[in-house]
Amino acid sequence: MAAGSELVSLLLLLSIANLCNGGITSRYTRKLEASVDMPAEAFPPPGGYNAPEQVHITQGDRDGRGVIISWVTPLSPKPNVVRYWAADCDEKHADESQARITTYKYYNYTSGFIHHATIKNLKYGTKYFYELGSDNVTRRFFFTTPPMVGPDVPYTFGIIGDLGQTYDSNQTFEHYYSNLKGQTVLFVGDLSYADNHPFHDNRKWDTWGRFVEKSTAYQPWIWTAGNHEMDFAPEIGEKTPFKPFTRRYHVPYRSAQSTCPLWYSIKRASAYIIVLSSYSAYGTYTPQYEWLLKEFTKVNREETPWLIVMVHSPWYNSYEYHYMEGESMRVMFESWFVQNKVDLVLSGHVHAYERSERVSNVRYNITNRLSTPIRDINAPIYLTVGDGGNIEGLANRYTEPQPSYSAYREASFGHAMLEIKNRTHAYYTWHRNQDAEPVAADSLWIYNRHWYPEDESSQ
């Protein structure tokens, strides 16, 4: 009887497993503590009169030979020139590029002078130095341009989201910063969290810019707008969405034939990266819809085999937080992603970590009611990396049972790395803050959908 009872129990467990068909919910439990902002004194401005600060760079063109260099001067708009030269050249022969300057007001705050200089026609795979400021206060930085675009070009991206400026944010940032493999950050939205403070305290934009400068001044961060970038507050007279974000963070949207900086695309090494806006109109015939429809026709997988999409609000999410908020955008665009064999979709918004299986829900329509995601080898893997550590804290409640589309989930803070090896293989890792940097809490060899469309499923 005992053996029979054990057999029945085993069959019951297998039955439940088949019904749930979920992946792994990590057993790691992070101690729940409030995420507290670091004081402004932790982010002092650089010394000297009108010293350039909040320096950050991003890609400045379509293919990686351009760089947008941005900085703030607090007291005077001049000097507004960046000097730059290749590391193997004599500094005496430095070139110069003049910046465009903007300022803005937000409620009772007035910004410093925000400079944006675009440098073009750089050499691929080359280290450059650049200088900002005057003789009395000069600050020097450097960056390395990416290799020429090509199908087997290796390249490593860091992935960070929902960072903020708390003590937990600092752990995440320092953890990524210590990983010397990262060459460019794919940032999936929610930067400063200024809007979590009275009157959207825009001084938090300044402290955040100083906080991340030791990375953003030396390697490009590719920006996605999140809900905390909207800063739409008509109750205090602020009716222009995304005002601080778009004034401070410029992107090369015109080179992608976009009409708005909130959606654009770039090519970098062997990756084609599309950035979308969860908080702009995307319905049929809207500018974002029309742009994305044309954009997929421009992707050449012979040239850039890896197709990556960045969007703030996740389409597949098994946490109670923000559950199904991305559903309308998924319904609008998921079939396009499957048809075009998007490799990865990166998102934030949910303050935890999750990796999906390759699934799609494209069978659903108004007549067949088939609305359960199924395994689809042509579908992307969806990665939610909204675990930067911001002031709103950790998302730690899951939907149960774990759904079939969820491969791995964990309520922790951390960052991810994507190491593209060649046209067929990339190695993906996720690192929780509590571990030493070489430790990967979740990892997967990812197979390219165009060149090697095998099932790398964890089930």
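Just so it is clear, the values below take in all heavy atoms, side chains as well, and ignore hydrogens, waters and symmetry mates. Quick caveat, the model's predicted, so the values are computed rather than measured.
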Donor + acceptor pair across side chains of H197, D37 (<3.5 Å):
yes

Where the side chain of W451 meets the backbone of R301, is there a donor-acceptor pair that is under 3.5 Å apart?
yes

Think K421 forms a cation-pi with Y427, using NZ or CZ under 6.0 Å from the six-ring centre and within 45 degrees of its axis?
no

Just so I know, are the side chains of W85 and K92 near enough to count as touching, which here means a heavy-atom distance under 4.5 Å?
no

Determine whether E392 and H228 make a side-chain contact, defined as any pair of heavy atoms from C-beta on separated by less than 4.5 Å.
yes

Test ring pair (Phe, Tyr, Trp, His ring centres under 6.0 Å) on Y249 and H56; report intermediate values, then the result.
CA-CA 9 Å; Y249 293 90; H56 55 274; 4.3 Å; yes

Quick one: CD1 on I69 to CD on E131, what's the gap to the nearest 0.5 Å?
11.5 Å

Report yes or no: do E295 and S265 form a side-chain donor-acceptor pair below 3.5 Å?
yes

So, Y282 versus S328: side-chain donor-acceptor pair below 3.5 Å or not?
yes

Test log, rule salt bridge (charged side-chain N to carboxylate O under 4.0 Å, His left out), inputs R432 and D435
CA-CA 6 Å; R432 70 168 73 92; D435 296 334; 2.8 Å; yes

Crowding at CZ, R140 (>12 non-hydrogen neighbours, <6.0 Å)
yes

Taking T102 for the side chain and I114 for the main chain, is one N or O donor matched with an acceptor at less than 3.5 Å?
no

Answer whether the closest heavy-atom distance between the side chains of N136 and Y49 falls below 4.5 Å.
no

What I want to find out is whether E53 reaches R139 closely enough, with some N-O distance under 4.0 Å, to be called a salt bridge.
no

Evaluate the criterion side-chain hydrogen bond (donor to acceptor under 3.5 Å, both in side chains) for residue pair W291 and T259; output intermediate values, then yes/no.
CA-CA 8 Å; W291 176 82; T259 57; over 6 Å; no

Any side-chain heavy atom of D206 within less than 4.5 Å of one from Q54?
yes

Would you check if there is a donor-acceptor pair between the side chains of D162 and Y193 at a distance under 3.5 Å?
yes

On a heavy-atom basis, the closest approach of V311 and S278 is CG2-OG, 3.1 Å

Can you tell if the side chain of Y109 reaches within under 4.5 Å of the side chain of H200, non-hydrogen atoms only?
no

Does either side chain, that of T172 or that of S169, offer a donor lying less than 3.5 Å from an acceptor on the other one?
no

Does a donor on one side chain sit under 3.5 Å from an acceptor on the other, for S412 and Q434?
no

For the side chain of Q165 and the backbone of K204, is there at least one donor-acceptor N/O pair under 3.5 Å apart?
yes

Do the non-hydrogen side-chain atoms of R409 and Y319 ever get within less than 4.5 Å of each other?
yes

Assess whether side-chain hydrogen bond (donor to acceptor under 3.5 Å, both in side chains) is satisfied between S277 and Q288, documenting all intermediate values.
CA-CA 8 Å; S277 175; Q288 187 170 196; 4.8 Å; no

Would you say the side chain of P146 lies within less than 4.5 Å of the side chain of Q183, judging by non-hydrogen atoms?
no

Do T73 and H115 have a side chain donor and acceptor closer than 3.5 Å?
yes

Within the 3.5 Å criterion, strictly below it, is a donor on D61 or S255 matched to an acceptor on the partner's side chain?
no

Does F337 have its ring centroid less than 6.0 Å away from the ring centroid of W315?
yes

Would you compute the distance between atom CZ of R248 and atom CH2 of W71 and round it to the nearest 0.5 angstrom?
15.0 Å

Distance-only polar pair, side chains of Y353 and D442, donor-acceptor under 3.5 Å:
yes

Do R423 and D152 sit within salt-bridge range, that is, some charged N less than 4.0 Å from a carboxylate O?
yes

Go through the steps to decide whether Y321 and H351 satisfy the test ring pair (Phe, Tyr, Trp, His ring centres under 6.0 Å), and finish with yes or no.
CA-CA 8 Å; Y321 304 80; H351 299 162; 8.1 Å; no

When you compare the side chain of W205 with that of F245, does any pair of heavy atoms fall below 4.5 Å?
yes

Salt-bridge test for D63 and R65: reply yes if a basic N is under 4.0 Å from a carboxylate O, no otherwise.
no

Look only at the side chain of H425 and the backbone of Y447, and say whether a donor-acceptor pair between them is shorter than 3.5 Å.
no

Between H349 and E325, does any side-chain donor sit less than 3.5 Å from a side-chain acceptor?
yes

Flag the pair E213 and R210 as a salt bridge only when some basic side-chain nitrogen lies within less than 4.0 angstrom of an acidic carboxylate oxygen.
no

Does atom NZ (K214) have a neighbourhood of more than 12 heavy atoms from anything else shown, all under 6.0 Å?
yes

Regarding T184 and Y155, is there a side-chain donor-to-acceptor distance under 3.5 Å anywhere?
yes

Taking every heavy atom of F413 against every heavy atom of G393, the minimum-distance pair comes out as CZ-C, 4.0 Å

I'd like to know if the side chain of T304 reaches the main chain of S270, judged simply by a donor and an acceptor atom lying under 3.5 Å from each other, with no hydrogens or angles considered.
no

Lys/Arg cation over aromatic Y104: K243, 6.0 Å, 45° cone:
no

In terms of side-chain heavy atoms, does H431 have a donor or acceptor partner in T429 at a distance below 3.5 Å?
yes

Assess whether atom NZ of K298 is packed by more than 12 heavy atoms of other residues, nucleotides or ligands within 6.0 Å.
yes

Any donor-acceptor N/O pair, N50 side chain to L75 backbone, under 3.5 Å:
yes

Report the C-alpha separation of E456 and R449 in whole Å, then their side-chain angles, then the decisive distance to 0.1 Å, and conclude whether the salt bridge (charged side-chain N to carboxylate O under 4.0 Å, His left out) test is met.
CA-CA 11 Å; E456 72 278 72; R449 290 305 89 194; 3.5 Å; yes

